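The structure appears below as structure tokens.
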Amino acid sequence: MSRSIWALPHFRWAAIAVLERNFLVWRKLMGPAIVLNFGEPLIYLLGLGLGLGHWVGTVAGLPYLVFLASGVVASSAMTTVSFEGMYSVFTRMVPQKTYDAMMATPMDIDDIVLGEIIWAALKGLFSAVAILVVAAVLGAVPGGWMALWALPVVFLMGLAFAGPAIIMSAVAGSYDFFNYYFVLIVTPMFMLSGVFFPTDSFPAALQAVVQFLPLTHAVEVIRPVIVGQPVTQIGAHLAVLSGFAVLSFYLAVAMVRRRLWV
Amino acid sequence: MTGLAKQSTPLLKSPVVQASGLVKSFGTLRAVDGIDFSIKPGQCFGFLGPNGAGKTTTLKMLMGLADFDAGSLSILGQALPQAARAIRARVGLVPQSDNLDPDFTVRENLFMYARFFGLKRATVAARVEALLEFSELTHKAQAKVDTLSGGMKRRLTIARALINDPEIVVLDEPTTGLDPQVRHVIWARLAELQARGVTLILTTHYMEEAERLCDELVVMDQGRILDQGSPTDLIHRHVESDVIELRGEVSEALFMTLRSMSAHAERQGTAVYIYTHAPMPILEFLADAPELTIIHRRAGMEDVFLRLTGRGLRE
């Protein structure tokens with residue numbers, strides 16, 4: 001008789017209604033969202049890429065602006081997805097009770113979580129597109145049109161980061177809880193996954209550790225695609241990202257069920 | 001649409017809700033402790049009980065939102081929990097606390113909710129306008145939800161619960177916290193729904209609401225059903241026809257005399273309640289006590305409720 005939170009989730013088209021809701025809300029706040037998504041990378045790339053880049057010169061055989069832009073595409077998607085999966089999802093799940101309202105319709109938690117994960121990944125994709133546009137204007141996309149192949153990878157990494165963020169929302173007592181995840185997970189990846197400098201300068205032990213970070217694998221694919229170099233071990237990198245996406249989706253569904261089921 | 005007369009309950013139709021032996025525990029607490037009830041189509045069926053009686057849990061089980069540990073529950077001929085999604089497509093829920101979408105306007109809330117039922121915007125466009133009118137919110141259609149008063153939010157929540165044209169509407173304390181004007185408007189709307197043949201299932205702890213709206217009531221306490229029947233049946237069964245309330249200093253001697261003259265008398269703080277089928281002799285006797293405030297009224301559901309569940313605080 002009793003339901004188990006660990007039952008395998010279903011994939012249903014009902015999830016699209018969540019995307020539709022979030023898109024309609026986002027559209028109302030599009031102005032500030034676009035300023036954030038285009039303005040922030042522009043400042044980053046100009047400040048660090050041109051300013052710091054002047055002193056750094058080339059990194060891993062690339063002008064620093066090119067090296068940085070291709071890394072920030074990935075890190076910015078991670079940050080965007082994590083914010084969406086934590087602050088926004090928590091708001092809808094707890095204070096706003098949006099999910100309670102949805103659950104009184106034929107929608108199930110499976111549909112809600114699936115919709116939220118896809119939505120968060122799409123927001124990450126949007127931020128990556130914004131950075132690519134800014135970088136292209138600054139002449140920092142040597143890969144040309146082939147750089148667009150980075151976008152499906154960004155979407156996949158978005159899925160991989162959305163699940164963990166929603167798990168945090170499902171177990172959080174308040175917004176303050178997210179500080180742990182940002183300080184312990186997001187910021188270390190931001191600094192250690194090869195976004196700002198190559199990881200080969202690390203001691204061997206740390207190099208081994210960064211291989212467990214999903215952002216490292218995202219950068220390893222996204223950077224060469226954007227700068228027009230061949231990708232090595234693409235299968236392994238995509239497998240790691242896919243593994244994070246699938247496992248964290250399953251756990252996110254289970255944790256949200258645990259929180260919302262009576 | 002405007003007829004408020006209650007439809008006679010169709011006795012021959014099979015029940016829309018059939019519950020037997022329902023049990024739901026939270027840890028060691030048996031929130032719902034083996035209850036049976038059945039609800040006929042077109043009825044207004046009420047769950048009455050103090051806080052913690054298990055009313056909300058029961059409603060959540062009806063919606064397929066709460067699991068149950070034992071018993072069986074079927075809605076519209078389909079068994080829960082297996083058919084939960086199919087059942088929710090045909091039922092509307094008005095939750096205890098409003099959970100409208102604050103990022104949308106009044107009209108957008110209705111359209112968006114239809115989408116969660118998988119209904120197309122074009123399909124519900126006319127229904128949305130009709131519901132805005134039904135809930136007297138047409139002039140607020142473009143307003144954001146945050147700008148609405150409590151009563152408007154409640155009306156919108158009720159309108160939203162009707163977006164899928166449900167056969168059953170479940171309402172968890174529909175008028176708690178609202179002013180009397182709004183309560184009367186909501187009661188009128190609910191009576192209208194019932195006149196259209198919609199089955200209403202509600203919880204309340206307003207006795208007036210229960211007496212006015214419900215054809216059939218169950219009184220719950222501590223997860224069990226204490227009694228069930230129409231408001232009139234319950235009043236006849238549990239209390240005398242008249243109540244005389246005394247406010248002021250009632251001496252023990254006077255209290256004992258009153259007790260011997262009536263069927264039942266009790267003290268509650270500085271008030272005394274006297275229950276009787278024959279009020280006249282008592283009132284004549286009390287005419288000699290002008291220092292007391294005397295209120296004589298018909299017995300109501302509140303008296304039944306207090307008789308069944310006691311006067312102790314529930315916190």
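All values derive from a computational prediction rather than experimental measurement. Residue numbers begin at 1 in each chain, while the letters A, B, ... track the order of the sequences.
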Note: vs chain B, highest number of non-hydrogen pairs under 4.5 angstrom among A17(A), A104(A), A14(A) is A104(A)
In Å, rounded to the nearest 0.5 Å, how long is the span from CG of L202(B) to CG of L190(B)? 7.5 Å
With respect to chain A, which residue among M63(B), R121(B), M61(B) yields the maximal number of heavy-atom pairs within a distance under 4.5 Å? R121(B)
Side chain to side chain contact (heavy atoms under 4.5 Å, CB included) for V182(B) and T175(B)? Distances and angles first, verdict last. CA-CA 8 Å; V182(B) 177; T175(B) 64; over 6 Å; no
Using heavy-atom distances under 4.5 Å, tell me whether L65(B) contacts chain A through its side chain, its backbone, both, or neither. both
Whether T123(B) side chain and L119(B) backbone form a donor-acceptor pair below 3.5 Å: no
For D165(B), give me all partners under side chain to side chain contact (heavy atoms under 4.5 Å, CB included), at least two apart in sequence or on another chain. R127(B)
Within 45° of the ring axis of Y206(B) and under 6.0 Å from its six-membered ring centre, is that where the NZ or CZ of R183(B) lies? yes
Report, as yes or no, whether the 6.0 Å neighbourhood of atom NZ on K60(B) holds more than 12 heavy atoms from other residues, nucleotides or ligands. no
Assert top hit (heavy-atom pairs under 4.5 Å, partner chain A, pool P95(B), G118(B), A86(B), P102(B)) equals P102(B)
D101(B) portion near chain A, given a 4.5 angstrom heavy-atom threshold: side chain
Heavy-atom contacts under 4.5 Å, residues 239-262 of chain A to chain B: V262(A)
To the nearest 0.5 Å, what is the distance between CD1 (I35(B)) and NZ (K24(B))? 13.0 Å
Within 45° of the axis and under 6.0 Å from the centre of the six-membered ring of Y99(A), does NZ or CZ of R92(A) qualify? no
Assess, by modelled atom type and distance only, whether the side chains of E209(B) and T204(B) contain a donor and an acceptor separated by less than 3.5 Å. yes
Under 3.5 Å, side chain of S38(B) to main-chain N/O of Q18(B), donor-acceptor pair present? no
Give a yes or no on whether the ring-centroid distance for F178(A) and F182(A) is below 6.0 angstrom. no
For a quick test of your reading: what N or O donor-acceptor pairs under 3.5 Å do the side chains of residues 25-39 of chain A make, sequence neighbours left out?
unit_1: K28(A); atom_1: NZ; unit_2: E108(B); atom_2: OE1; d: 2.8
unit_1: K28(A); atom_1: NZ; unit_2: E108(B); atom_2: OE2; d: 3.4
unit_1: N37(A); atom_1: ND2; unit_2: A33(A); atom_2: O; d: 2.9

Residues 81-91 of chain A vs chain B, non-hydrogen distance cutoff under 4.5 Å, contacting residues -> none
